[in-house]
Amino acid sequence: MMGWYGHGMGTGGWIAMVSMMVLFWGLVIFAGVMIFRGNDRSQGAGGASERSAIEILDERFARGEIDHQEYEARKTVLRVSLPAFPFRRI
């Protein structure tokens, strides 16, 4: 019965089927990650995620939220604790 199928798919067929399934789901996951990461980058140069701590401190001082003493104290702490080359998310 069912002699037209021969001996089935064989080892090579199973290996090819599993590899293609892994490749397919890998591409689906990769595409999803790239779509969500692309949404992060869409904020552009004016996005909140790209502002440095010093820029935020400058804005708070300009708006009058903090006084000159607090501004200078926080600025000193930030300059000591921040690395020379700030890393940004890519």
Side-chain angles (χ1 to χ4, degrees):
M1 193 159 134
M2 293 190 190
W4 56 87
Y5 285 119
H7 294 290
M9 199 173 355
T11 306
W14 282 103
I15 290 173
M17 183 176 65
V18 168
S19 333
M20 294 307 280
M21 187 61 69
V22 168
L23 180 67
F24 171 76
W25 286 111
L27 287 173
V28 167
I29 292 169
F30 178 75
V33 168
M34 287 295 117
I35 288 171
F36 288 118
R37 289 183 83 194
N39 288 342
D40 263 354
R41 290 189 208 141
S42 66
Q43 291 180 352
S49 64
E50 294 187 8
R51 294 188 310 166
S52 71
I54 298 286
E55 290 171 341
I56 295 170
L57 184 63
D58 290 341
E59 288 176 11
R60 290 188 63 200
F61 180 63
R63 285 193 300 259
E65 293 178 10
I66 55 177
D67 62 355
H68 184 69
Q69 284 181 329
E70 185 176 359
Y71 171 75
E72 290 298 328
R74 289 179 184 229
K75 191 168 154 183
T76 303
V77 169
L78 286 174
R79 291 212 171 147
V80 170
S81 65
L82 290 178
F85 300 102
F87 298 100
R88 292 186 176 174
R89 279 191 322 175
I90 295 177

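Source: prediction; values computed, not measured.
- A tilted orientation is assigned to the rings of His68 and Phe61, their planes being inclined by 30° to 60°.
- In this view, Glu59 and Arg51 satisfy the side-chain hydrogen bond (donor to acceptor under 3.5 Å, both in side chains) rule, not counting sequence neighbours.
- For Glu65, the side chain to side chain contact (heavy atoms under 4.5 Å, CB included) partners at least two apart in sequence or on another chain are Arg60, Arg63.
- Cluster partners of Trp25, by chain and number: Met21, Phe24, Val28. The rule joins Ile, Leu, Val, Met, Phe, Trp and Tyr whenever side-chain heavy atoms lie under 4.5 Å apart.
- Rounded to the nearest 0.5 Å, atoms CD (Glu72) and CD1 (Ile66) are 9.5 Å apart.
- Minimum heavy-atom separation, Lys75 to Leu57: N-CD2, 3.5 Å.
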